[in-house]
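The chain is numbered in sequence order, starting from 1.
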Amino acid sequence: MIDIQRIKFGYKDNSPKVFEDFSLRLEQNNVYGLLGENGTGKSTLLYLLMGLLRPCEGQITVDGTNVSCRKRQTLQQMYIVPEEFDLPAMRFTEYVETYRPFYPAFSDDVLHRCVEEFKLPQDVKLNTLSMGNKKKALMSFALATNVHYLFMDEPTNGLDLPSKKQFRKVIATTMTEERTLIIATHQLHDVEALLDHVLILQGSKLLLNASVADLCEQYTFDVRSNDALTDDVLYSERTPQGNATLSFRQPDDEETPLNLELLFNAAHKISLTANSPD
């Protein structure tokens, strides 16, 4: 479990704080979508969770250990795939052999499945790959580490449409009951089918902290004509297909798939009540 306890963090003493008195609890065996507008602190939060940044006040614990201590046993159960990164001038097989010893649960089977699904070449130097293939290589290694806490920052940026489908498949097939995955992204449609839980940041607060199951139990996401925009509609926006709407789900209504973009936009306009406790 990750427990964020009333943290305060800013990059400069005299600048506005990214987080102030911010608390959050993240349970294992969930795929979290971490959403927010530019500058709301999504990437910063991931680096704080890894212990790469340290809060000015408060603390973050992972399974009871303060991540700021950077203990080996904790780091062996955490991995981050940043949005932008460089890879060394070595072959992928060399990279794996160099870094795998740090992760005691590393799985050759998971690595092989990811590489096969991504159709990755293993006999070329990593620094010669396109950014999309570099991301596939690093995500393959990250999933193969079998860490309990995996963080990904904009993982589908730079991936073409077939690669985004491959990404969803490798995530779905390699998740385990011991793993917690946090995906920070603006590419909402790329991840909405993967998520168990939605977190929406705005400033130093959470606009929404709710499970997908609770959201789909409480709300209906559908498309209506202008004539069907009745009083039960909480939020709507025009689309080429009609009015995308969010409304309270009635007892006889069938469950509808989550529309993450509509939910995100609605959360910035109205108060949504499917919040889980921090």
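If you check the side chains of Q166 and E117, you find no donor sitting under 3.5 Å from an acceptor. Of the N and O atoms on the side chains of D222 and T245, at least one donor lies less than 3.5 Å from an acceptor on the other residue. Residues H186 and N157 bring no donor and acceptor atom of their side chains to less than 3.5 Å of each other. Looking at T230 and D232, their side chains do bring a donor and an acceptor atom within 3.5 Å of each other.
Shortest non-hydrogen contact noted between L207 and A267 is CD1-O, 3.7 Å. Scanning all heavy atoms of the two residues, the minimum distance from E237 to Y235 falls at OE1-OH, 2.7 Å. In plain terms, the two heavy atoms of Y47 and P82 that are nearest each other are OH-CB, 3.4 Å.
Tracing side-chain contacts under 4.5 Å through hydrophobic residues (I, L, V, M, F, W, Y), one reaches F106 starting from L181; they form part of the same cluster.
Within a 6.0 Å sphere centred on NE2 of H112, other residues, nucleotides and ligands contribute 12 heavy atoms or fewer. Around atom CG of D86, no more than 12 heavy atoms belonging to other residues, nucleotides or ligands sit under 6.0 Å away. Summarising the local packing, CZ of R70 is surrounded by more than 12 heavy atoms from other residues, nucleotides or ligands at distances under 6.0 Å.
When D214, T180, N209 are each tested for a side-chain hydrogen bond (donor to acceptor under 3.5 Å, both in side chains) with H197, only one passes: N209. With L49 as reference, I2 is the one residue of I2, L24, V67 to meet the side chain to side chain contact (heavy atoms under 4.5 Å, CB included) rule.
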Which atom pairs, donor and acceptor, lie under 3.5 Å between side-chain atoms of residues 137-152 and protein residues at least two apart or in another chain?
from: S140; atom 1: OG; to: K136; atom 2: O; distance (Å): 2.7
from: T145; atom 1: OG1; to: A142; atom 2: O; distance (Å): 2.5
from: N146; atom 1: ND2; to: A105; atom 2: O; distance (Å): 3.1
from: Y149; atom 1: OH; to: M1; atom 2: N; distance (Å): 2.5
from: Y149; atom 1: OH; to: Q28; atom 2: OE1; distance (Å): 3.1
from: Y149; atom 1: OH; to: D63; atom 2: OD1; distance (Å): 2.6
from: Y149; atom 1: OH; to: D63; atom 2: OD2; distance (Å): 3.3

Determine all donor-acceptor pairs shorter than 3.5 Å in which one atom belongs to a side chain in residues 123-134; sequence neighbours excluded.
from: T128; atom 1: OG1; to: K125; atom 2: O; distance (Å): 2.6
from: S130; atom 1: OG; to: N133; atom 2: N; distance (Å): 3.2

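The side-chain contact (heavy atoms from CB on, under 4.5 Å) check on V18 picks up F9, Y11, T44, with sequence neighbours excluded.
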side-chain hydrogen bond (donor to acceptor under 3.5 Å, both in side chains) evaluation trace for E154 with T185: CA-CA 5 Å; E154 298 291 356; T185 186; 3.2 Å; yes

